[in-house]
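Beneath this line is the structure, given in structure tokens, with notes to follow.
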Amino acid sequence: MTMLRDAKTGDVVLSDGTRLLDLIDYDKHEVALRVLSDPEIYRLELDRLFARTWIPVAHESEIPKVGDYVLRRVGEDPVIVVRQDSGGIEVLLNVCPHRGMQVCRSDSGNAPRFKCPYHAWVFRRDGRFQGAPFEKDMYGDALDPEYLSLERARVELLGGMIFANFDPEAPGLDEHFGDFKWYLDLILCRTRGGYEVVGPPQRALIRSNWKGPAEQGSVDGYHGIGLHRSFTDLGLSPRGTTPATAGLLSVDISANGGGIRCMPTLPQFLDALEDGRPFEVTVDQAEQLLADNPPVGMTTDMVPELRECLTDEQVRVLAAYYPSAGQAFPTFELLHINGPVLRDPSRSAIGDREGTTMWAGEVASTLVLHTWGPRGVDAFEIWTWVLAERDATPEMKEAARKVAVQTFGSSGTIEMDDGEAWPSQTAAARGARGRRVTFKYHAFRDHTPPPGWPGPGQVHTGPTGDDGQWQWWQRYFRFLSGEE
Amino acid sequence: MTSTRTDNRPAPAGIEIAERIHERDARFADVNEFLTDEAALLDDNLLAEWLELIADDITYRAPLRQTVMRAQGNGYHPTMGHFDDDVHSLGFRVHRFLDSTNAFADDPPSRTRRNVSNVAVWATSRENEYFVRSNLLLLRSRWDAPAFDLISARREDLLRLDDGFTIARRTIYLDQSTLGTPNLAVFL
């Protein structure tokens with residue numbers, strides 16, 4: 001497929017003459033649905049985004065021992081994520097440099113080396129070519145081990161999550177996340193022990209372009225009152241008549257194409273948002289608040305670790321507004337919640353909603369991580385990891401697993417409804433008229449932090465808005481047009 | 001005829017096999033009829049009626065499966081799964097469809113056809129409890145797509161016979177490591 005460029009401007013031009021950048025309207029804040037269905041754009045995404053940025057592939061607790069590996073994807077490229085003799089981690093392209101077959105064919109395991117089934121070429125754990133059968137007879141001394149090694153991606157970790165990037169020129173992970181990292185730390189890097197997975201990730205193929213969930217991830221705080229209305233109907237989430245009682249009020253953050261909602265930890269902090277009061281929590285107050293009301297997924301015993309792992313400013317924010325649902329650019333979604341423990345309404349009253357919890361009745365803490373793996377222009381694979389703090393109790397870990405499986409992922413009673421919206425958007429984008437319909441981002445809060453807010457990034461208060469999602473698209477188009 | 005299990009898997013934890021119940025046994029026919037009727041309730045979307053078949057102490061799980069080499073075993077994970085349910089969460093799932101018009105994942109409902117076959121029955125050491133294996137092939141028609149989503153699984157049930165049968169345990173061993181249907185809004 002030939003990608004045309006305008007001779008004067010250098011802009012990418014699609015084969016029907018449409019400029020790529022005409023699909024985003026910076027004045028109206030709209031993006032054409034065509035981006036969900038155009039095969040030329042998909043090709044561009046694989047080359048210019050997925051092969052050039054940081055993609056989450058695994059959590060290090062999935063591969064604790066030397067030689068442990070899991071198979072994952074970076075874009076459409078199959079990779080092996082493998083623990084090295086040194087304890088480090090390599091991400092290797094799972095494509096034999098000889099004739100292209102996948103050298104490793106098991107989703108997970110432990111291997112001293114990888115042997116391609118086709119001609120039995122052997123590669124070490126670090127990807128380096130080790131040997132081929134009858135090597136001298138076949139090739140003499142002509143084989144160059146470096147040239148014939150499995151391609152290695154760059155690897156960086158955040159809070160145990162392993163990210164891979166095939167672009168040697170790309171900025172490092174910290175620079176990629178930018179100000180957004182400050183908020184990721186509040187979830188992923190807040191304790192000494194860190195997180196562990198409760199098992200391998202769930203996987204399902206959804207017949208939607210991958211940008212359906214990615215667009216929602218950064219972060220659509222508004223859709224719950226529509227798409228997840230069934231939880232209100234069953235009395236599990238609020239039937240609010242104001243933004244505050246409908247769960248729309250939060251401190252939303254956007255930075256570097258990521259977006260995340262920081263939810264009030266206690267009623268007083270919801271009230272503060274409603275009244276427009278400044279952020280005045282001191283470190284001492286924060287310590288007391290956190291001891292009385294430990295963050296999602298933590299025990300009281302673990303609370304002192306927050307001071308060791310986070311800055312004073314981070315601790316102050318965490319005590320009042322905890323980062324909950326959001327996504328780092330481009331495809332790393334986090335759902336860090338006290339989720340509803342499902343109850344049969346015919347067997348027991350669900351109970352009254354108390355405080356600022358989104359849910360009525362009993363809740364359980366969990367951390368759900370997602371990534372969206374592209375599988376052609378009109379399908380993606382949803383990956384769902386469930387994690388708990390390593391130092392949490394066994395009961396907390398089991399509860400984290402159950403609430404995650406029952407509410408998120410393949411049988412999740414919340415998230416399965418999201419899986420209806422995304423394919424519908426992609427189907428719409430195939431039509432001659434439908435592809436001209438636009439995603440509309442018209443609810444902007446701009447940089448309106450509560451006075452005294454100690455965190456970085458663009459900070460938005462008021463009912464959850466469109467700022468983060470719009471910034472996701474702006475960064476997406478920077479990648480596709482070659483600006484980033 | 002032997003009265004031992006014919007496969008090489010041990011009985012699931014907490015279940016002690018007493019004897020194989022062969023197809024010619026009237027008890028086999030009762031179990032088989034129950035599974036047929038249960039599938040019909042689900043295919044007919046009679047979810048409240050289906051819920052009455054669920055024992056109060058049910059564990060309802062679908063272990064996660066990975067694609068692994070033959071030498072590594074069957075790839076099922078002991079704890080992580082696609083379902084991890086009890087009587088309350090199953091009740092919630094049912095009532096989400098019955099009591100809400102906003103459960104979009106399966107409304108309009110998919111049209112399903114559950115084919116239950118290869119039934120094998122064992123009496124357990126507890127009176128009136130049966131360990132039952134069956135194959136499930138669920139054809140799922142969603143929206144106006146002519147192609148079916150297929151869900152294929154082996155099920156292991158613990159059935160309890162009182163006035164009628166109830167399901168005291170169900171483990172659904174899915175065949176796909178990546179699900180080919182966007183959600184599990186259907187019961188298996």
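Here is the naming used below: chain letters follow the sequence lines, and residue numbers restart at 1 for every chain.
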Quiz item: With sequence neighbours excluded, what pairs up with A/Asp233 under the salt bridge (Lys or Arg N to Asp or Glu O under 4.0 Å) test?
Solution: A/Arg229
Quiz prompt | Pairs of heavy atoms under 4.5 Å with chain A: top-ranked of B/Asn183, B/Val94, B/Thr178, B/Asp85 | solution = B/Thr178
Self-check item: Contact origin within B/Gln72 toward chain A - heavy atom pairs under 4.5 Å
Solution: side chain
Quiz item: From B/His82 NE2 over to A/Arg203 CZ, what is the distance, rounded to the nearest 0.5 angstrom?
Solution: 9.5 Å
Exercise. Look at the side chain of B/Ser89 and the backbone N and O of A/Leu342, then say whether any donor-acceptor pair between them is shorter than 3.5 Å.
Key: no
Quiz prompt | Minimal non-hydrogen separation, B/His77 against A/Val198, with atom names | solution = CE1-O, 3.9 Å
Exercise. Using a 4.5 Å cut-off on heavy atoms from C-beta on, say whether the side chain of A/Leu234 contacts that of B/Asp99.
Key: yes
Quiz item: Hey, what do you get for CG (B/Leu90) to CD (A/Gln406), rounding to the nearest 0.5 Å?
Solution: 8.0 Å
Quiz prompt | Proximity breakdown for A/Pro201 and chain B, heavy-atom pairs closer than 4.5 Å | solution = backbone
Self-check item: chain A contact via B/His95 - side chain, backbone, both or neither, heavy atoms under 4.5 Å
Solution: both
Quiz item: Of the non-hydrogen atoms in A/Val405 and B/Arg93, which two are nearest, and what is the gap between them?
Solution: O-NH2, 4.1 Å
Quiz item: Relative to chain B, which of A/Gln202, A/Arg207, A/His228, A/Glu381 shows the most heavy atom pairs under 4.5 Å?
Solution: A/Gln202
Practice problem: Report, as yes or no, whether the 6.0 Å neighbourhood of atom CD on B/Glu16 holds more than 12 heavy atoms from other residues, nucleotides or ligands. | Solution: no
Quiz item: Quick check: are there more than 12 heavy atoms from other residues, nucleotides or ligands sitting under 6.0 Å from CZ of B/Arg126?
Solution: no
Practice problem: Could you look at B/Leu51 and say if it's the side chain, the backbone, both or neither that has a heavy atom under 4.5 Å from chain A? | Solution: side chain
Quiz item: Around atom OH of B/Tyr76, are there more than 12 heavy atoms of other residues, nucleotides or ligands at under 6.0 Å?
Solution: yes
Practice problem: Heavy atoms only: give me the nearest B/Val68-A/Ser108 pair and the separation to one decimal. | Solution: CG1-O, 4.2 Å
Practice problem: Using heavy atoms and a sub-4.5 Å threshold, report which of residues 135-146 of chain B line up against chain A, by residue number. | Solution: B/Arg142, B/Trp143
Quiz item: Tell me the salt bridge (charged side-chain N to carboxylate O under 4.0 Å, His left out) pairs involving residues 29-42 of chain B, sequence neighbours left out?
Solution: B/Glu38-B/Arg170
Quiz item: What are the two closest heavy atoms between A/Ser106 and B/Met69, and how far apart are they?
Solution: OG-N, 3.6 Å
Quiz item: Which answer fits B/Ser177, side chain, backbone, both or neither, if we ask what part of it has an atom under 4.5 Å from a heavy atom of chain A?
Solution: both
Quiz item: Looking only at heavy atoms, what is the nearest atom pair of B/Gly91 and A/Pro345, with distance?
Solution: O-CD, 4.3 Å
Quiz item: Is chain B contacted by the side chain of A/Leu227, its backbone, both, or neither, given a heavy-atom distance below 4.5 Å?
Solution: both
Quiz item: Roughly how far, to the nearest 0.5 Å, is the OG atom of A/Ser411 from the CZ atom of B/Phe187?
Solution: 9.5 Å
Quiz item: When heavy-atom pairs shorter than 4.5 Å are enumerated against chain B, which of A/Glu398, A/Lys402, A/Arg401 gives the highest number?
Solution: A/Arg401
Quiz item: Under 3.5 Å, is there a donor-acceptor pair between the side chain of B/Arg96 and the main chain of A/Thr413?
Solution: yes
Quiz item: Considering all heavy atoms of both residues, which atom of B/Leu64 and which atom of A/Pro200 are nearest to each other, and what is their separation?
Solution: CD2-CB, 3.5 Å
Quiz item: Which of residues 102-110 of chain B get closer than 4.5 angstrom to chain A, counting heavy atoms alone?
Solution: B/Asn102, B/Ala103, B/Phe104, B/Ala105
Self-check item: A/Arg105 side, atom CZ; B/Thr67 side, atom OG1 - distance, nearest 0.5 Å
Solution: 10.5 Å
